Amino acid sequence: TTADEGIETVTVTTGELVDEAGTVRILKTVPDVPGSAMTQIRILNSDTAERITNDPLSGFDSYRMFITMPAPDKRYVANFGLVSATIGPGAANAGPGAAMGDLRGFSLFRGEKIAAEDADKWRQEFRARNKVAAVVEVDADGKRVVRRLDGK
């Protein structure tokens with residue numbers, strides 16, 4: 001793709017219920033997301049959950065995400081990226097002087113539920129607005145496949 005073209009990534013996450021409180025352990029994310037196997041989602045109350053991703057090297061959180069659903073069709077997420085591995089170069093570290101647990105990034109997301117019958121229409125509008133030229137999916141063998149939408 002070019003600098004002016006967008007890419008759509010199709011991601012599938014599977015998990016398993018691990019307790020009666022509703023905690024889910026992420027088993028696999030395809031395409032692979034590093035550390036996803038170290039992630040759990042825990043229900044805090046009727047409209048709030050917490051997603052925790054542990055760094056496999058240090059055992060400390062590398063991400064802590066708070067998810068709130070104030071209405072059946074709305075979701076808001078605050079994602080805290082935390083320093084959790086050996087300090088040094090790399091995206092997971094905050095640089096010189098950083099310590100375990102320091103904030104290295106913060107993101108806010110919002111989501112709105114889309115009715116099943118509107119999903120294809122929404123996807124076409126999204127692709128047009130973001131100039132999506134290619135889709136990244138996983139084939140039957142688990143390999144990433146990039147497919148251009150214009151057939152090039």
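Just so we're clear, the structure is a prediction, and the values are computed from it rather than from any experiment. The figures that follow rest on heavy atoms only: side chains count, while hydrogens, waters and symmetry mates do not.
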### Query
Is there a side-chain contact (heavy atoms from CB on, under 4.5 Å) between E137 and R147 once you walk through the steps?
CA-CA 8 Å; E137 299 173 295; R147 176 178 50 89; 3.4 Å; yes
### Task
Start with the C-alpha distance between R51 and T39, add both sets of side-chain angles, then the distance that settles side-chain contact (heavy atoms from CB on, under 4.5 Å), and finish with yes or no.
CA-CA 7 Å; R51 179 179 169 136; T39 299; 3.4 Å; yes
#### Entry: Verdict with supporting geometry, I67 and R75, side-chain contact (heavy atoms from CB on, under 4.5 Å)
CA-CA 7 Å; I67 305 159; R75 176 174 62 183; 3.6 Å; yes
### Task
Give, for atom CD of E16 and atom NZ of K28, the distance between the pair rounded to the nearest 0.5 Å.
14.0 Å
### Message
With a 4.5 Å cut-off on side-chain heavy atoms, are Y63 and I52 touching?
### Response
no
### Task
Taking all heavy atoms of I43 and all of G22, pick out the closest pair and write down the distance.
CG1-O, 3.8 Å
#### Entry: Linked, directly or transitively: I114 and V10 (ILVMFWY side chains, under 4.5 Å)
yes
Indicate every side-chain donor-acceptor pair of residues 115-127 with a distance under 3.5 Å to a residue at least two apart or in another chain.
{"residue": "R123", "atom": "NE", "partner": "E8", "partner atom": "OE2", "Å": "3.2"}
{"residue": "R127", "atom": "NE", "partner": "E8", "partner atom": "OE1", "Å": "2.7"}
{"residue": "R127", "atom": "NH2", "partner": "E8", "partner atom": "OE1", "Å": "3.2"}
{"residue": "R127", "atom": "NH2", "partner": "E8", "partner atom": "OE2", "Å": "3.1"}

### Task
Consider only side-chain heavy atoms of I, L, V, M, F, W and Y, link residues closer than 4.5 Å, and tell whether V145 and V135 are in one cluster.
no
### Task
Check the angle between the aromatic planes of F80 and F106 and answer parallel, tilted or perpendicular using the 30° and 60° thresholds.
tilted
### Summary
In this structure, CZ of R110 is separated from OG1 of T68 (nearest 0.5 Å) by 15.5 Å
### Task
Check whether any side-chain heavy atom of T29 sits under 4.5 Å from a side-chain heavy atom of V12, and report yes or no.
no
#### Entry: Residues D150, R148: salt bridge by 4.0 Å N-O rule
yes
### Message
Could you go through L149 and V132, starting from their C-alpha distance and side-chain angles, then the distance that decides it, and tell me whether this counts as side-chain contact (heavy atoms from CB on, under 4.5 Å)?
### Response
CA-CA 8 Å; L149 295 175; V132 173; 3.9 Å; yes
### Donor-acceptor contact below 3.5 Å, side chain S62 vs main chain T53
yes
### Query
Do other residues, nucleotides or ligands put more than 12 heavy atoms under 6.0 Å from the CZ atom of F66?
yes
#### Entry: Side chain proximity check, V18 to V24, heavy atoms < 4.5 angstrom
no
#### Entry: Presence of salt bridge, E50 and R42, under 4.0 angstrom
yes
### Exam field: side chain N45 to backbone D47, donor-acceptor pair closer than 3.5 Å
yes
### Summary
side-chain hydrogen bond (donor to acceptor under 3.5 Å, both in side chains) filter on T23, not counting sequence neighbours, yields D19
### Query
What is the minimum heavy-atom distance between G81 and L103, and which atoms define it?
O-CD1, 3.5 Å
#### Entry: CD on E112 to NZ on K74, rounded to 0.5 Å
3.5 Å
#### Entry: Cluster check V30, V136: I/L/V/M/F/W/Y, side chain < 4.5 angstrom
no
### Message
According to a hydrophobic-cluster definition based on side-chain heavy atoms being under 4.5 Å apart (Ile, Leu, Val, Met, Phe, Trp, Tyr only), do L82 and L108 belong together?
### Response
yes
### Task
Dump the intermediate steps for salt bridge (charged side-chain N to carboxylate O under 4.0 Å, His left out) on E5 and K131, then the final yes or no.
CA-CA 5 Å; E5 294 177 326; K131 301 177 186 166; over 6 Å; no
